[in-house]
Amino acid sequence: MKSAVIVFPGSNCERDIAVALEQVSGHKTFHAWHRDTDLPEVDVIAVPGGFSYGDYLRCGAMAANSPVMRVVKERAAKGVKVIGVCNGFQILTEAGLLPGALIRNQSLKYICKTVDLKVENTDSAFTRHYTPGQHIGIPVGHGEGNYVADEETLKRLEGDGRVAFRYTDANGVVNAAGNPNGATNNIAGIFNETRTVLGMMPHPERAFDPQHGNTDGRALFTSLLESLS
Amino acid sequence: MSVTHTPDREPKVTAELAAEHGLKPDEYASMLESVGRTPTLTELGIYSVMWSEHCSYKSSRVWLKKLPTTAPWVICGPGENAGVIDIGDGQAAIFKMESHNHPSFIEPYQGAATGVGGILRDVFTMGARPVANLNALRFGEPANPKTRHLVAGVVAGIGGYGNCVGVPTVGGETNFHKAYNGNCLVNAMTVGVAQTDKIFYSKAAGVGKPVVYVGSKTGRDGIHGATMSSAEFTEDSEAKRPTVQVGDPFTEKLLIEACLELMATDAIVAIQDMGAAGLTSSSVEMAGKGGLGIDLDLDAVPQREAGMTPYEIMLSESQERMLMILEPGREEEAKRIFDKWELDFAVIGKLTDNGRMVIRMHGHTWCDVELAPLFDKAPLYNRPTEPTPPQAEIAAAEAPLKASARDTLLALLGTPDLASRRWIWEQYDSQVGADTMIGPGGDAALVRVHGTPKALAMTTDCTPRYCYADPVRGGAQAVAEAYRNIITVGALPLAITDNMNFGNPEKPRIMGQFAGCIEGMAEACRVLDFPVVSGNVSLYNETNGEGILPTPAIGGVGLLTDSTLAIGSGFKAEGDVVLLLGETKGHVGQSLYLREVHGREEGAPPPVDLAAERRAGDLVRGLIEARKLTACHDLADGGLAVGLAEMALRGKKGVALTGLEAADAGLLFGEDQGRYLVTAAAGDVAAVTDAAKAAGVPVTTLGTVGGDAIAGLGGGALALADLREAHEGWLPGYMAGDA
């Protein structure tokens, strides 16, 4: 499995996700700069978390229009797997690779903690090593993770099994108490139509190593490895 | 169209104008003597900030010299941007803590945010990648109408800056006390990691070498910040809001990356961030340390606004700027890196051999003074000190329990100083970098040294009420508590940074507090082999004559060479045996129990037996290294019962205690020092007990981990669910306006 991670000015999780990709694949992850107009041949592209361009306009809005994103879109159209985490999810929605938008948390506060999630669909290159409905815990760290979309879009996402992860309470129940940011339908992560692009607010790379105290994010990377090799 | 500023348009410098700049009459006289003529406005501005308390440490220097600052592992002690210690394998930890108290009180969000930005720059300017932030916060009493606003703003500011630059905020402490009603304290600490052969210093060298400005453009913000921070507050302090700087964490992130990229080459001779007093202090310090002069051409300084005067440019505290001396001929290479990161880069002057500071702009000379007096003739005061009178010891029998032990514990865990700080730390990204092993809410934070088996332990500690009652004991206790916290995760305590927050040093009582705290700290540092490698002094924390509690905040750093040894502070497994290490005499003076239950903030604070601290610390670290312990927690505020409750809450497991049903307040809530609560698997208890006896550390078996309550206290079992509700409920409720 060969991978690239996209680095924008203000990205700050590119090393963390590269470590996870490198550890499962044994291959060095290519670091692409926002001004790059080409990428090496890779199997998976990661759009990392952070504060691209300071999030000063609207989270992900400027990154979505950077030169490298044109290449990411071309590759995504060819079926290359693309995962956007946190700010990366915001960028993918701004770039039109995923529907909907991420707005300010309902609490109006940044929130960093491990949240409970339900794996909604394991039929994807990203989630095949989870079991359907599996209850996992993965850290979030964001101020704008409140997923919104118009009704039509939500209907399609729900009807087509494109919700990847949903926030739950500590008992694994999808409810308001377990929703950290006000996301519609407790949506924490979604796929594109072909389930080759995944955007998610939680950070699987922060629940990867036993020393993180939690390895529930690891299966995402091993899923990718298995499906791509 | 702007009118070019000329020297004849400047106000004439007089004694009155000098006084407005904070210079005392004798200080102004000394300045006149050094300059040899009436200074220009720009010269006055430069002198006034360099000789301010903030930059010159004129009241504290004589005392700071008493602190031990060396050890075989210390690479660089106080005097540089930050302290540097050896952590093996050619790596160094670089760290410092710094206050941003005055700005945070006036404008909490920006004040706190730029405090974080400033301390980050102090660390990466020395070549380190910042790996963790911590903080030490003190606010006024919850009932004070301003407290909620300050907590909300400071926390949002720390998070807003730290989260964006991508440095995890992994620990800290927060207290509430009415002594901080008029002066909150915001102390920010950064820890970074560098290669020992790639450490950068601020001492300039090489006549003719270019002086280079990088980072953000210079604006009119923060002018006189250093002077403002060197005076007491009065009721019109709100009017000082324009002296507070505005932070831009995105630019800081770019600056970190650009500087570290340039530092990987050998193009940099010296580098210094533009912090307090901006371009003035950075240029004076760099040239001064090198015994050189400096010529600056302010027309070349990147400016955010039109029509800025030399005075404004020299005194601006615009953030995210650095000054460096480059090797000649390397400018283009350096500029390419800053262009890539879209940051300004300008050659603004050169080093000279004439020992003068010369500033030119618009074809005029605005400053031409001898440089050395700016820092080596800065005033130095040996201010009178008045010792704090000793407080009476209070016997535990004088402060009996007023309710059952169970109910008292439940009440204490929900008081402002013991309630959970989750509401605060969940607003900080504590995990970016993916190396955080123990984040906020533990005794010490633990962060892996990326790509190595090592981890750095770090903590911030101080108990100001102890320092107020007995500065010597309080100073020693702050250092000892930092030491203990680092021990609990298994690390070897290596060095500290200190952030000395005090009132007006011109008052002998305050200066006596300062001297006393230094004395206690120095003794603790010596006995515990825990030297001071960096620090910061913040004086004049007074409003309308009311000073804060003396608050020497200690930031401690330790090394765990094998991070797999690390243990946490929550109960780990059912059946583990809970043991108390260290001696309990039942000291209730200055305890939170005495204050919260009896309404008495009185008595002598607990004595600190440093030799016993050392014995207990070495014992615990040895036991962790031998993998004999499963959890460890130091005892501090609230004493034994609170410590047990915290371990239960953190581990989500109860405990069945034995022999404590009839315990008195001294035993349960006394704050005797030098104690640890540990747990061990049943099979390891004998080994732990034997080791304690061999080390001469008292050991007591307290009970067994299990269940979902704290059982065995007088008054019946206390369910963890109830305890958690009290502990977690207070701060969110308060911030929501319920309390």
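To find a chain, count down the sequence lines: A is the first, B the second, and so on, and within it residues start at 1. A quick note: this is a predicted structure, and the numbers were derived from the prediction, not measured.
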* Asked: Any side-chain heavy atom of A/N12 sitting closer than 4.5 Å to one from B/V165?
  -> no
* Structure fact -> Okay, A/S107 and chain B: the region with an atom under 4.5 Å from a heavy atom over there is neither
* **Between OH on residue A/Y110 and SG on residue B/C164, distance to nearest 0.5 Å** => 10.0 Å
* Structure fact -> Separation between CZ (A/R15) and CZ (B/R129), nearest 0.5 Å, reads 7.0 Å
* Answer whether the closest heavy-atom distance between the side chains of A/C112 and B/Y428 falls below 4.5 Å. => no
* How are the rings of A/W33 and B/W341 set relative to one another: parallel (under 30°), tilted (30 to 60°) or perpendicular (over 60°)? -> perpendicular
* Under 6.0 Å from the CZ atom of A/R58, do we count more than 12 heavy atoms belonging to anything else shown? -> no
* Please examine the side chains of A/H212 and B/R448, heavy atoms only from C-beta on, and report whether any two atoms are closer than 4.5 Å. => yes
* B/S430 versus chain A, the contacting section by heavy-atom distance below 4.5 Å -> both
* Asked: Between A/Q211 and chain B, which part of the residue has a heavy atom less than 4.5 Å away: side chain, backbone, both or neither?
  -> both
* To do: Give a yes or no on this: more than 12 heavy atoms of other residues, nucleotides or ligands lie within 6.0 Å of atom NZ of B/K572.
  => no
* Structure fact -> Heaviest contributor of heavy-atom pairs below 4.5 Å to chain A, chosen from B/R422, B/E257, B/K340, is B/K340
* Tell me, side chain or backbone of B/V167 under 4.5 Å from chain A's heavy atoms, or both, or neither? -> neither
* With chain B, which of A/C13, A/G141, A/G213, A/P139 has the greatest number of heavy-atom pairs at distances under 4.5 Å? -> A/P139
* In this structure, are over 12 heavy atoms from other groups packed under 6.0 Å from B/E725 atom CD? -> no
* To do: State whether the number of non-hydrogen atoms from other residues, nucleotides or ligands found under 6.0 Å of B/D562 atom CG is greater than 12.
  => yes
* Asked: Under a 4.5 Å cut-off applied to non-hydrogen side-chain atoms, are B/V155 and A/K109 in contact?
  -> no
* Mind checking whether B/D429 and A/R206 have side chains closer than 4.5 Å, heavy atoms only? -> yes
* How far apart are the closest heavy atoms of B/V432 and A/D16, and which atoms are they? -> C-OD2, 3.8 Å
* Does any heavy atom of chain B fall under 4.5 Å from the side chain of A/D55, the backbone, both, or neither of them? -> neither
* Examine whether an atom of A/F208 lies under 4.5 Å from a heavy atom of chain B, and if so say whether it belongs to the side chain, the backbone or both; otherwise answer neither. => neither
